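Note that the coordinates shown come from a computational prediction; the quantities given were computed from them, not determined experimentally.
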Amino acid sequence: MQKAELLAELALTRQRTRELITSLDNQQLDVPYHPGVNPPLWEMGHAAFFYEVFVFNLLDGDVSFDPAMDDLWDSFHIDHKDRWRRDLFPGLESTLAYFDHVYDKMAERIERKPLSDRELYLCRYALFHQNMHIESLVWCRQTVGYAPPPGANLSRPAANSSNELLKQDAVVPAGRWLIGMPGDSSQYATGDFAFDSEKPRYEVSVDEFAISRCLVSNQEFVAFVEDHGYQKPELWSFGGQKWLRTETDIALVHGDAEPILVVPRHPLYWRRQDGQWQERLFDQWQLLNPDAPVTHVSYWEAEAYCRWAGRRLPTEQEWEVAALGNRPGEPFQRYPWGNEQPGPVHADMNASGMAQNPVADYPAGDSPFGCRQMIGTVWEWTSSQFFPYDGFRIDMYPFMSTLQFGDHKVSRGGSCATSSSLIRGTYRQAYLPQRNDVYTGFRTCALPGG
């Protein structure tokens, strides 16, 4: 990557983060407590601190901007609830000053110093970490019911004319396939950049399977809800039944100050009003978009829908094969369409369409097997538990993956809120199966012999 490209990505990341913060007033910056979000100012300071630790401290031996704040910006030295303590953290003006200082220093360093592969790798790592927090700042707005992020378009595109082929499964033949990114590569800082959970690449034999070309839509999920799917315990696994019996406080969903404890009976941001289904998109309730993908569903809901429909979730290996189709001995592609970086024609990303496009949109992003929207739109649940690949080695940031191994489920593909610079078809995201506040959806596979 040339310096100009790195500087451009740095400037865009800076701009997007600043817009997400400065478009909120001081009162909104004090978001209500929720276990799935962070206070926006803490998120901004934490991301800036990451540059200090892994670029300025590690590469240059510089001391921190304010060493007294190091433990407070570090997510592993401060409890989650303590991040809401305003007596511990600076206000907007001081946090912006710290953030701008770090970004100015990063830009100056990139321009002034030669970039070794190690330095480029660390700079990109810090940038990608920042983009992960851009996504969490977007879903924070959805969680607490704020206005959409700057630049988001919540208009409802017209559904494409019916395409019968899209209603049919894509059949992936049995064979040997490549999964993941290289464990050792001379291009580790550029074309083969990856996080530790994606490595090392390996070959796997996969039996023939059939996978839906499109994501499950709202219209399809409505049929499950209206068939009383949430009231049929036989559709739910043991873990799913336990989740189904657990009361959840949905006060934030409905903008109420007092707790509203309910057990799930439909997706988190849905409600039945005047005989019609509505969905809350940021600070507005609107009629449910039937052609858009179902979004903000937990793993348990996806699993139960599959049982109701006589289907199943793909494994993460099946998902990657259907998305990329990489075979041993053939040129490797990082995206369903090849190696061109994701653009607006390929996918709904960068907090633009916010998963409101029909599931049949984005044909330019089709995979080699004709599967659509496997990058962007929603993180797709798979049936796989999040475990390391054989030969796994901890990355330079030891907590990128290791804390999630064992009790998280794998989701793939990125979402409408994911930065397009961050994603690739090998990227593995880990979410606890009960998570439904993030941009998660799914597609299904036929049962064997089905």
**Asked** Centroid-to-centroid, F405 to F386, below 6.0 Å?
**Response**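 Centroid distance F405-F386: below 6.0 Å, so yes.
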
**Item:** Check: W308 ring centroid to Y230 ring centroid under 6.0 Å
**Value:**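 No, they do not, as the ring centres are separated by 6.0 Å or more.
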
State whether the number of non-hydrogen atoms from other residues, nucleotides or ligands found under 6.0 Å of [X] atom [atom1] is greater than 12.
X    : atom1 : answer
K242 : NZ    : no
R176 : CZ    : yes
Q219 : CD    : no
F76  : CZ    : yes

Taking the side chain as C-beta and beyond, is there a heavy-atom pair between [X] and [Y] under 4.5 Å?
X    : Y    : result
P148 : D283 : yes
M69  : F49  : no
V53  : W73  : no
F442 : L313 : yes
V102 : F56  : yes
Q278 : Y269 : no
F195 : M181 : no
R85  : W42  : no

**Listed partners of E19 passing salt bridge (charged side-chain N to carboxylate O under 4.0 Å, His left out), at least two apart** =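 Applying salt bridge (charged side-chain N to carboxylate O under 4.0 Å, His left out) to E19 gives none.
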
**Message:** Is there a salt bridge (charged side-chain N to carboxylate O under 4.0 Å, His left out) between D192 and R334? Walk through the geometry before answering.
**Reply:** CA-CA 9 Å; D192 285 339; R334 292 159 179 78; 2.6 Å; yes

Minimal non-hydrogen separation, [X] against [Y], with atom names:
X    : Y    : answer
V55  : A126 : CG2-CB, 4.5 Å
F332 : N326 : CE1-ND2, 3.1 Å
P433 : S298 : O-CB, 3.3 Å
Y103 : T13  : OH-CG2, 3.4 Å
W243 : N436 : CZ2-ND2, 3.9 Å
N38  : W84  : CA-CH2, 3.9 Å

**Prompt:** For W319 and F209, what are the C-alpha separation, side-chain angles and deciding distance, and is it a ring-ring contact (aromatic ring centres under 6.0 Å, His included)?
**Reply:** CA-CA 10 Å; W319 188 96; F209 65 98; over 10 Å; no

**Request:** Indicate whether the side chain of D437 and that of T143 have a donor and an acceptor atom separated by less than 3.5 Å.
**Result:**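 The criterion, which ignores hydrogens and geometry beyond distance, is not satisfied for T143 and D437.
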
**Asked** Any luck finding a side-chain donor-acceptor pair between R141 and S23 under 3.5 Å?
**Response**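 A donor-acceptor contact under 3.5 Å links the two side chains.
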
**Message:** Is there a side chain to side chain donor-acceptor pair (under 3.5 Å) between E135 and T418? Walk through the geometry before answering.
**Reply:** CA-CA 5 Å; E135 178 162 6; T418 306; 2.8 Å; yes

**Working for ring-ring contact (aromatic ring centres under 6.0 Å, His included), residues F224 and F221** = CA-CA 5 Å; F224 167 68; F221 206 84; 5.2 Å; yes

**Prompt:** So, S185 side chain and Q187 main chain: donor-acceptor pair closer than 3.5 Å or not?
**Reply:**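 Yes.
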
**Prompt:** Is E226 salt-bridged to R272, cutoff N-O under 4.0 Å?
**Reply:**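 Salt bridge: yes.
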
**By side-chain hydrogen bond (donor to acceptor under 3.5 Å, both in side chains) - contacts of H133 (at least two apart)** =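 H133 satisfies side-chain hydrogen bond (donor to acceptor under 3.5 Å, both in side chains) with E43, H46, H129 only.
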
**Item:** With sequence neighbours excluded, residues passing side-chain hydrogen bond (donor to acceptor under 3.5 Å, both in side chains) with Y188
**Value:**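 Partners of Y188 under the side-chain hydrogen bond (donor to acceptor under 3.5 Å, both in side chains) test: none.
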
Atom [atom1] of [X] and atom [atom2] of [Y]: how far apart are they, to the nearest 0.5 Å?
X    : Y    : atom1 : atom2 : value
W236 : W300 : CH2   : CH2   : 10.0 Å
F99  : F65  : CZ    : CZ    : 13.5 Å
M44  : Q130 : CE    : CD    : 7.5 Å

**Request:** State which residue, out of D361, D366, T377, fulfils the side chain to side chain donor-acceptor pair (under 3.5 Å) condition with R372.
**Result:**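 Passing option: D366.
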
**Prompt:** Testing Q356, Q284, R271 for side chain to side chain contact (heavy atoms under 4.5 Å, CB included) with E279, which one passes?
**Reply:**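 Filter result, single survivor: Q356.
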
**Item:** Among C214, P363, C371, the one residue meeting side chain to side chain contact (heavy atoms under 4.5 Å, CB included) with L166
**Value:**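 Exactly one pass, corresponding to C214.
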
**Request:** Kindly determine whether K409 and E303 satisfy salt bridge (charged side-chain N to carboxylate O under 4.0 Å, His left out), including the steps that lead there.
**Result:** CA-CA 12 Å; K409 287 289 184 179; E303 182 187 61; over 6 Å; no

